[in-house]
Every structure is written in structure tokens, then in C-alpha cells.
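Computation of the quantities below employed the complete heavy-atom set of this structure, encompassing side-chain atoms and omitting hydrogens, waters and symmetry-equivalent molecules.
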Amino acid sequence: MLRITQLKVNISDFYVQHQEEVKEKGWETCYGSYEPSLVEGKICKLLHCKIQDIFQYDIVKRSIDARKKQEIFYNYCVEVSLDKKREKRILEKGKQNQITVAKKIVYNPQVTGKETLHKRPVIVGFGPAGMYCALMLARAGYCPIVIEQGSCVEKRRKDVESFWKGNALKPFSNVQFGEGGAGTFSDGKLNTMVKDNTGRNHKVLEIFVEHGAPKEILYMQKPHIGTDLLCDIVRSIREEIISLGGEIRFESQITNLRIDKGERVTGVEINHETWMDTQIVVFAIGHSARETFSMLHERGISMEQKPFAIGVRMEHRQNMIDTAQYGELQGILPAADYKLTYQAENGRSAFSFCMCPGGFVVNASSEPQALVVNGMSNYKRDEENANSALVVNVVPEDFGSNDVLAGVEFQRKWERLSYQIGNGKIPTQLWKDFQNKNKSTEYGEITPCQKGANCFGNLWDCLPDFVCETLQLCIPYFGKKIPGYDREDSILSGVETRTASPIRILRNEEFEGNIRGLYPCGEGAGYAGGITSAAMDGLRVYEAIIKKYNKHNCS
């Protein structure tokens, strides 16, 4: 099988030729109907063969090249299977940088553990890390028990919508806590910067597709699902785990550990009431599981402070971002995204994070009297505004304490101030007023696209000065990269503090913490950042378990 890179289709020309059809059917439907023949034609031309000569081909990756706005391309990477002799001749005569031998990676770790499990493994947390670890253990016959302090996605969805309408916050059923984790109410981004030579990344995407995600996520450069689809997908994964003998216990919080001789975990306490015996506990807790962080710290689990970033959400009209990225094809191609970075002279770095095309800024609070924002998009990304976190790096020296949980208190401080200045509503401020430290009084041409009530407030009152000062420097710089980014009526909302876990739970090369049988896992433990990387870490921990333990006599 051959791998071909840099296979380009000029989509600017395609639009000129098919613009009436595109306007009638929409870009994805129209282009999708022509895509197979366009890709096949490019393959045949490059390989000097006929379509009949191709046994099989698969699109491995599709990205967009919009560096020249007047000529935009889809850039494909494909794998093609031909007659072996023909493949050999092509490799001998072909463009070696563009045509190579495809190396198929199949994710299929085997159970090789020698130690016997007498008790079912316990997974704490049912976000991407816990979900994927539990699913793979269930498929391997380990019958895991998942302990999730939040609610199932059906109930959680109702609780979140109720909160956004002004009703009381449910401490364990909100945007941060519940089935699917914080990623359930997000843009559902599935791209990751984690390098992967094991097939874990593709396995994560395959499982999503098996449970209802669009097949295109298997090859899109920046795949995403969206909140509306994610809710159904995570429920489907839960149902498979249960069908294979696993168990999910919602509204159940781990409140204590039983540790034998200070060396090995032997049990967990649930809701301060009941104990469960186990040999394995996977702590796949999210970045907001603050009570669990405290409990683990009290029980002597080794952890350390970790840097993260805080700042604001910034909103612009999506059509402005589309024009900046796509030129004349704005409004034709799917909603554009962006990624921006800035290194300030004050030594701080600022960057966009979790950019949500055509989405919402949402009240993502999880504690009473405290407010934090996040971004969320549905699959179609068809709301009027684009939003992104615009954040500044925070290091442990900023916490003002050597306490391992000082980062948690640092986050809480600004979240409580955000709640106070907005009186429980999302505080917003126009860019022109933020520059002058003035509270805004009216919106301009951009109006908020938000879930949860908002009001005007001075964000300098709920962020550290070094964050605000760095934002003052970076936003004009970003305006040079994306025209209009620094327009006066751009909307800033605060505060964004949950970009990453403020702690890391230490683990060894076998993925265990300082207590045997305890496996820190995912974003909350400090080993991931986003849905895909968290799910991949869940697979790593699954692999570590089956490498050490077999499943016999598990009860």
C-alpha cells in the first residue's frame, strides 16, 4: 500500500464551477458528492494509472490550505492499494517525498498480565479518560465499575439548561461534572498535538464513529463533534460498557481510600457511606474535581503544583473570522477557526485556546458564589459569533504558596470575584472599555451569543493585573494577524480559569501513583489537555492494567 501526501484539489475553482449547486445544497453536501471523483482523478494522474487499477484507497487526512485567499485548496493524504509490482515501480520512479510505503498501525494491545484480579477495577470519573479506559476494560472482559459524582447525560443536560435559564446551580450536575466530563459541553474538538505512533489517536476517533460520530472525523485535520452530537455519543458508549458487564454509578463521589500498610489501595468509600473492595482505582478525574484533589492530598497521594493559564473569552462576528481566513469563500466554506500566540516583553505568553467557531460563551460554573466561562459549539457551528479563550500563562510562583493545592485557590479567588462583579451573571466588557478600565454601558455591532445571563462589569476587578496588562499588549498584535480582531466593540467575558488542571498526580513508568493499584489518568491528573488526549491517556492506563493483571476470578 502506498501513502501519498500533498494531493491538492483547488476548491476555489470548484466553487466557481459549481456555485449555483453549492448555494442550493450547501458546501458540504455539494462538495461531498464530487469529492470521490476529484480525489480519484488526482490519484490516477499522479500514479499514471486508471481507476480500475486501484484496489482500494482511503483518505487519511484532509486539511485546508488558505494561505492564498484567491486560491484555496483541500490538501489530502491518501493510502492507495495497487498491484504489488506496480507499487514497486511507482516507488522506484515516483516522487520519494510525496509517495512512500504506507505503514498501517493497528491498535490491538493484548492481555499479558500475570497477577490475578480478584476484585473488579474501579474507574473514578466518566469523562473521556475514564470512559475510554472503562470501555476498553469492558471489551477485554474486566467488568469495570465506574464511579461518577455527576449525573447521567440525560439528567445533566436538563440541569445545565435550567441553570442557564437562571435556576440554581447543581454542584455535581453542571457544565463541569457529569457523564462525558467538561468536554460534553464544549466545541467537541478532537484534534490533539500529542504525537502518536501506537494507533491510539485513530482508535479514539474510530470509537466515536462506532457510537454515532460523523465518519469525516477520521480524516479531518481538525475534527470536531459538537455538544449536540456528543450527548448522544457518550450515552451510547455508556450503554456498550453496561452491555459488556460493566457498571456505571452516577451521583456517587469517592470520599476516602483504604490503603493497606501505606502501600496498596484496597478499597474506596462512596458518598461517605459505603465501602467497596478493589485492587485497582483509576483516578480519571477532571480538572475541576477539587474536593477529590483535597481528599487525595490528605491521604498522602503524591502530587505537585502545575502551571496553567487564565484570562477571558473573546467574541467576534463569525463572518469577520471567515473573511479573514477564506476571503471570497467566506460564508461558503464551513465556519473558520484560528490559533494565535504572543510572547510579551513582560515574559508572559498569551494565546487563544479552545476556539469555538459559530458557538456560545457559556456560564460553566461548578461551585456556589463563583463564576467561570467556557466556549461551546454545536456540530453545525452556525451561530453568529466566534469565541475563543484568550489566556495568559500562570506559573506556580504566582500562587504565593508552596501548598500543592495553591493553584486551586488561585483559580477560586478570581472566579469568586467574577461572580461578585456580575452578581452571578457573566461579566462582559467591550475591548475599547477594557483598555481604559471602564465599565461598558452598551454593545456595538457585536452582541453576545451566550448561555446564561450576562451584565457589564470591569474585568480588571476579577483578573490579576499581569493578565490584563498582557491582554492589552496581545490583542492589538492579534489585530494585525486577523483584521478586525481588535475592533472596539469586540466583547470580552470573564473569567476563563479552567484551561488545565492546577495539579499533577505523580505516577511512575507503570502509570501507578505512589500507592500501588492507584492509577492517575487524564486531564485532571495532569496528563492531558482536551477530549482526545484525555481519551488517549485512558487507553494508556488500560494498557498498563492489562499488561500487569489478568481478568480471572474478577468479581
Side-chain angles (χ1 to χ4, degrees), residues 1-82 102 187-191 202 205-206 208-226 228-229 232-233 318-319 322-323 325-337 357-358 377-383:
M1 182 171 280
L2 305 177
R3 172 167 284 214
I4 304 172
T5 59
Q6 297 296 314
L7 204 64
K8 295 188 175 183
V9 173
N10 190 317
I11 56 178
S12 295
D13 287 350
F14 178 87
Y15 175 67
V16 171
Q17 297 168 17
H18 301 278
Q19 54 185 307
E20 293 303 320
E21 192 175 349
V22 170
K23 290 176 182 176
E24 178 186 350
K25 298 179 180 178
W27 174 261
E28 293 290 359
T29 300
C30 180
Y31 182 79
S33 66
Y34 288 92
E35 185 174 41
S37 61
L38 290 169
V39 174
E40 290 164 7
K42 293 289 181 180
I43 294 172
C44 291
K45 183 177 180 180
L46 180 68
L47 300 183
H48 303 289
C49 69
K50 298 178 181 179
I51 189 64
Q52 304 92 278
D53 299 326
I54 299 175
F55 298 154
Q56 177 186 343
Y57 78 90
D58 295 302
I59 298 174
V60 177
K61 190 73 69 178
R62 188 185 84 184
S63 59
I64 191 164
D65 183 347
R67 287 173 292 179
K68 297 179 180 179
K69 302 297 180 286
Q70 69 277 15
E71 199 171 35
I72 300 177
F73 294 88
Y74 274 147
N75 194 355
Y76 290 88
C77 173
V78 299
E79 291 183 347
V80 182
S81 178
L82 303 165
D187 183 52
K189 286 181 181 60
L190 300 178
N191 54 300
H202 194 72
L205 299 178
E206 280 183 343
F208 274 123
V209 171
E210 289 168 10
H211 290 275
K215 290 183 179 179
E216 67 191 36
I217 69 170
L218 295 174
Y219 59 82
M220 296 287 285
Q221 182 189 27
K222 297 179 180 179
H224 90 108
I225 298 179
D228 50 342
L229 300 189
D232 292 330
I233 290 166
Q318 181 64 49
N319 59 14
D322 292 343
T323 299
Q325 304 293 62
Y326 298 147
E328 293 183 359
L329 287 187
Q330 76 86 15
I332 305 300
L333 295 178
D337 64 2
S377 298
N378 288 322
Y379 176 68
K380 290 186 177 180
R381 291 173 162 174
D382 55 0
E383 299 299 325

Asp53 side chain to Lys50 main-chain N or O, any donor-acceptor pair under 3.5 Å? yes
Please check if the side chain of Gln318 supplies one atom and the backbone of Ala336 the other of a donor-acceptor pair under 3.5 Å. yes
For Leu333 versus Ile64, what's the shortest heavy-atom pair and its separation? CD1-CD1, 3.7 Å
Atom pair NE2/NZ of His18 and Lys25 - distance to nearest 0.5 Å: 10.5 Å
Quick one: does Glu35's side chain get under 4.5 Å of Ile59's, heavy atoms only? yes
For the residue pair Tyr15 and Trp27, does the interplanar ring angle fall in the parallel (under 30°), tilted (30 to 60°) or perpendicular (over 60°) class? tilted
For the residue pair Pro357 and Ser377, what are the closest heavy atoms and their distance? O-OG, 3.0 Å
Compare all side-chain heavy atoms of Asn191 with those of Gln221 and state whether any distance is below 4.5 angstrom. no
Is the shortest heavy-atom distance from the side chain of Leu2 to the side chain of Glu79 under 4.5 Å? no
Do you know which two heavy atoms are closest between Ala213 and Ile225, and how far apart they sit? CB-CD1, 4.0 Å
Measure the spacing between CG of Asn378 and CD of Glu383 and express it to the nearest 0.5 Å. 7.0 Å
Using modelled atom types only, decide if a donor and an acceptor are shared between the side chain of His224 and the backbone of Asp187 within a distance under 3.5 Å. yes
Are the side chain of Asp228 and the backbone of Tyr379 linked by a donor-acceptor contact shorter than 3.5 Å? yes
Which distance, rounded to the nearest 0.5 Å, do you find between the CD of Glu206 and the CD1 of Ile217? 10.0 Å
For atom NZ of Lys380, decide whether the heavy atoms of other residues, nucleotides or ligands shown that lie under 6.0 angstrom number more than 12. no
Compute the ring centroids of Tyr219 and Tyr76, then answer whether they are less than 6.0 Å apart. no
Under 3.5 Å, side chain of Asn10 to main-chain N/O of Ser12, donor-acceptor pair present? yes
Close side-chain approach of Val78 to Asp58, heavy-atom, < 4.5 Å: no
Are there over 12 heavy-atom neighbours, none belonging to Lys8, within less than 6.0 Å of that residue's NZ? yes
Can you tell if the side chain of Cys44 reaches within under 4.5 Å of the side chain of Ile54, non-hydrogen atoms only? yes
Any donor-acceptor pair under 3.5 Å linking the side chain of Ser33 with the backbone of Cys30? yes
Checking side-chain contact (heavy atoms from CB on, under 4.5 Å) for the pair Glu40/Tyr57: CA distance, chi angles, key distance, verdict? CA-CA 9 Å; Glu40 290 164 7; Tyr57 78 90; 3.2 Å; yes
From CD (Gln6) to CG (Leu46), nearest 0.5 Å: 11.5 Å
Does the side chain of Glu28 reach to within under 4.5 Å of the side chain of Pro334, using non-hydrogen atoms? yes
Do Tyr31 and Glu21 get their side chains close enough for a donor-acceptor pair, meaning under 3.5 Å? no
Any donor and acceptor pair, going by atom type alone, linking the side chain of Gln325 with main-chain N or O of Asp337 inside 3.5 Å? yes
Roughly how far, to the nearest 0.5 Å, is NZ of Lys61 from CG of Leu7? 15.5 Å
Which residues pass the ring pair (Phe, Tyr, Trp, His ring centres under 6.0 Å) test with His211, sequence neighbours left out? none
Can you check side-chain contact (heavy atoms from CB on, under 4.5 Å) on Phe208 and Ile233, steps first, answer last? CA-CA 7 Å; Phe208 274 123; Ile233 290 166; 3.6 Å; yes
Under a 4.0 Å threshold between the charged nitrogen and the carboxylate oxygen, would Arg62 count as salt-bridged to Glu216? no
Report yes or no: does Ser81 contribute a side-chain atom to a donor-acceptor pair with the main-chain N or O of Met1 at less than 3.5 Å? no
Report the distance from atom CD1 of Ile72 to atom CD1 of Ile332, rounding to the nearest 0.5 Å. 11.0 Å
Not counting sequence neighbours, which residues clear side chain to side chain donor-acceptor pair (under 3.5 Å) with Glu20? List them please. none
